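So you know, we letter chains A, B, ... as the sequences are listed, proteins then strands, and number each from 1. The structure displayed is predicted, hence computed values, not measured ones.
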There are 2 protein chains.
Amino acid sequence: MKIGELARQTGVSVRSLRYYESQGLIAPVRQANGYREYSPLAIETVESIKLYLNLGLSTEEIAGFLNCVLKNKESFCAEVMPVYQSKLEEIEKQILQLNQIKLNLEQRISSILEEQHDQDILIDKEHGRE
Amino acid sequence: MKIGELARQTGVSVRSLRYYESQGLIAPVRQANGYREYSPLAIETVESIKLYLNLGLSTEEIAGFLNCVLKNKESFCAEVMPVYQSKLEEIEKQILQLNQIKLNLEQRISSILEEQHDQDILIDKEHGRE
DNA sequence: ATAAACCCTCACATCAGTGTGAGGGTCAAT
DNA sequence: ATTGACCCTCACACTGATGTGAGGGTTTAT
């Protein structure tokens, strides 16, 4: 099948399919006219790429084990686990950082609301309200 | 004071100070020779910029209220709260996304470990072990 | 007057995947 | 033979703060 057809079947843009090829993730054969010719298995390959990209892996990381996992169960491919582990650590670090920022933001928001509240009370007093 | 001195006093690189200027965050006067001349107050300005950058705000967002907060309490500047609120939402969204990815990674890691464990048991049986 | 230590502007590189467009072939159906 | 729908490669743009380097001026002290 040609690239447009593969794009339609997988929901991945033609541009991205060419990019995956440049990153060594998929290797269509070329027809005499230069067109890429994909085997039906390419659909599965692209679906796998999508899955791994959604896990936050880079194309480079995916390239390191894609050939293996396409032919075997993931658990057979020794390259997978270390990638998962280090990505997990990375993600956890990012979550911690974001939580710290979140806390800081929340504190600053609270401070502002409190000060504004205090200010409202003062204004009320000026106007003789309680 | 000149840019190098300000950089030393604040721990911010000369490059970054020039960048902040290009983003409208700080406006030194120019000496006859073209050198930037910063007032002593610039130190405080840069410290504020650092603080807001650490809260995950962009220079553009900071530019929207920096002048106000340098002259008043934050709670006085109406522009601040909406920025904090939307940044908080953004951060929370990112945390949710990362937590989803984290869950997926953990599940895949567990699956692999289970399969490998099962496989180990099989191998043990082949070799007559328990 | 020379050297060290400043300062200036301009501009490319980083990360990574994707959009977009130019300029140009190919193929199928009319 | 023309048209529309494909396909190709190459390359710039984006996001955003910062590093880095080229090429060149200024200041200060010796």
Side-chain angles (χ1 to χ4, degrees), chain A residues 1-38 42 45-64 66 83 86-87 90-91 93-94 97-98 101, chain B residues 1-38 42 45-64 66 83 86-87 90-91 93-94 97-98 101:
Chain A
M1 103 190 73
K2 284 181 288 188
I3 196 167
E5 180 63 18
L6 182 58
R8 242 161 304 168
Q9 302 251 347
T10 59
V12 167
S13 73
V14 167
R15 174 70 175 90
S16 292
L17 290 176
R18 295 203 185 106
Y19 178 67
Y20 299 160
E21 181 179 351
S22 78
Q23 299 307 109
L25 295 181
I26 189 168
V29 297
R30 294 303 179 111
Q31 293 174 328
N33 56 18
Y35 289 12
R36 291 165 177 84
E37 176 65 28
Y38 295 89
T45 302
V46 174
E47 293 297 341
S48 293
I49 294 171
K50 284 168 65 176
L51 184 153
Y52 291 120
L53 285 176
N54 282 333
L55 285 175
L57 306 190
S58 67
T59 53
E60 188 179 0
E61 287 166 326
I62 298 170
L66 186 62
V83 173
S86 74
K87 185 61 58 174
E90 195 181 311
I91 299 278
K93 249 181 226 165
Q94 288 176 22
Q97 275 187 12
L98 288 179
I101 292 177
Chain B
M1 99 191 72
K2 284 181 288 189
I3 197 167
E5 180 63 17
L6 182 58
R8 243 161 299 161
Q9 301 252 347
T10 59
V12 167
S13 73
V14 167
R15 174 70 175 90
S16 292
L17 291 175
R18 295 202 186 107
Y19 177 68
Y20 298 160
E21 181 179 353
S22 78
Q23 299 308 109
L25 295 181
I26 190 168
V29 298
R30 294 302 180 112
Q31 292 174 330
N33 56 15
Y35 287 13
R36 291 166 177 83
E37 176 65 27
Y38 294 90
T45 302
V46 174
E47 293 296 342
S48 293
I49 294 170
K50 283 168 65 175
L51 183 153
Y52 291 119
L53 284 176
N54 282 333
L55 284 175
L57 305 190
S58 67
T59 54
E60 189 180 358
E61 288 166 328
I62 298 170
L66 186 61
V83 174
S86 74
K87 186 61 60 176
E90 195 181 310
I91 299 278
K93 250 180 226 165
Q94 288 176 22
Q97 275 187 14
L98 287 179
I101 293 176

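- Comparing A:Asn33 and A:Ser16 against DNA chain C, the residue whose closest nucleotide sits nearer the 5' end is A:Ser16.
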For nucleotides 2-4 of chain C, give me every protein contact, N/O to N/O, under 3.5 Å, one pair per line with atom names.
none

I'd like a table of atom pairs between the protein and nucleotides 20-22 of chain C - only N or O on both sides, under 3.5 Å - with the distance next to each one.
{"residue": "C:dT20", "atom": "O4", "partner": "A:Arg15", "partner atom": "NE", "Å": "3.1"}

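- Partners of A:Gln94 under the side-chain contact (heavy atoms from CB on, under 4.5 Å) rule, at least two apart in sequence or in another chain, are A:Glu90, B:Leu98.
- Taking atom CZ of residue B:Arg30 and atom C1' of nucleotide C:dC8, one finds them 8 Å apart after rounding to whole Å.
- Every residue two or more places apart in sequence or in another chain that forms a side chain to side chain donor-acceptor pair (under 3.5 Å) with A:Ser16 is listed here: A:Ser13.
- Separating the OH atom of B:Tyr19 from the C1' atom of D:dG19 is a distance of 14 Å, rounded to the nearest angstrom.
- Ion pairing between a basic and an acidic side chain is recognised when a charged N comes within 4.0 Å of a carboxylate O; B:Glu5 and B:Arg8 show such pairing.
- Shown for residues 46-54 of chain B: no residue has heavy atoms falling under 4.0 angstrom of DNA chain D.
- Interatomic distance, CD of B:Gln23 versus CG of B:Leu66, reported as 12.5 Å (0.5 Å rounding).
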Show the distances under 3.5 angstrom between N or O atoms of the protein and N or O atoms of nucleotides 5-7 of chain D.
{"residue": "D:dC7", "atom": "OP1", "partner": "A:Gly4", "partner atom": "N", "Å": "2.6"}

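- Taking atom CD of residue B:Glu21 and atom P of nucleotide C:dT9, one finds them 7 Å apart after rounding to whole Å.
- Every residue was checked against the side chain to side chain donor-acceptor pair (under 3.5 Å) condition with B:Arg18, not counting sequence neighbours, and none meets it.
- Taking atom OH on B:Tyr20 and atom P on D:dG16, their separation rounds to 15 Å, with Å as the unit.
- For A:Ser58, the side chain to side chain donor-acceptor pair (under 3.5 Å) partners at least two apart in sequence or on another chain are A:Glu61.
- Contacts of B:Lys93 classified as side-chain contact (heavy atoms from CB on, under 4.5 Å), with partners at least two apart in sequence or in another chain: none.
- In this structure, A:Thr10 and A:Glu47 approach most closely via the heavy-atom pair CA-OE2, 3.8 Å.
- Using a 4.0 Å cut-off, no side-chain N or O of A:Thr59 falls inside it from OP1 or OP2 of C:dA16.
- Side-chain contact between B:Tyr38 and B:Thr45 is absent, with no heavy atoms from C-beta onward closer than 4.5 Å.
- Put simply, CG on B:Leu6 is 11 Å from P on C:dC8, counting in whole angstrom units.
- Taking the side chain as every heavy atom from C-beta outward, A:Leu6 and A:Val14 never approach each other to under 4.5 Å.
- The only member of A:Val12, A:Leu25, A:Ile62 that meets side chain to side chain contact (heavy atoms under 4.5 Å, CB included) when paired with A:Leu53 is A:Ile62.
- Nearest approach of B:Leu55 to A:Ile101, heavy atoms of both residues: O-CG2, 3.4 Å.
- In this structure the side chain of B:Leu17 never reaches within 4.5 angstrom of the side chain of B:Ile26, judged on heavy atoms.
- Judged as a ring-ring contact (aromatic ring centres under 6.0 Å, His included), and not counting sequence neighbours, A:Tyr20 has no contacts.
- Between the two ends of the helix from C:dA1-D:dT30 to C:dT30-D:dA1, each summarised by a five-pair axis, the helix axis turns through 40° (rounded to 10 degrees).
- Within 6.0 Å of the CD atom in A:Glu60, the count of heavy atoms belonging to other residues, nucleotides or ligands does not exceed 12.
- Across the protein-nucleic acid pair, A:Glu90 atom CD and C:dA16 atom C1' stand 13 Å apart, rounded to whole Å.
- Judged as a side chain to side chain donor-acceptor pair (under 3.5 Å), and not counting sequence neighbours, the contacts of A:Glu21 are A:Arg30, A:Arg36.
- What separates CG of A:Leu17 from P of C:dA16 is a distance of 20 Å, to the nearest Å.
- Taking atom CD on B:Gln31 and atom P on C:dC6, their separation rounds to 15 Å, with Å as the unit.
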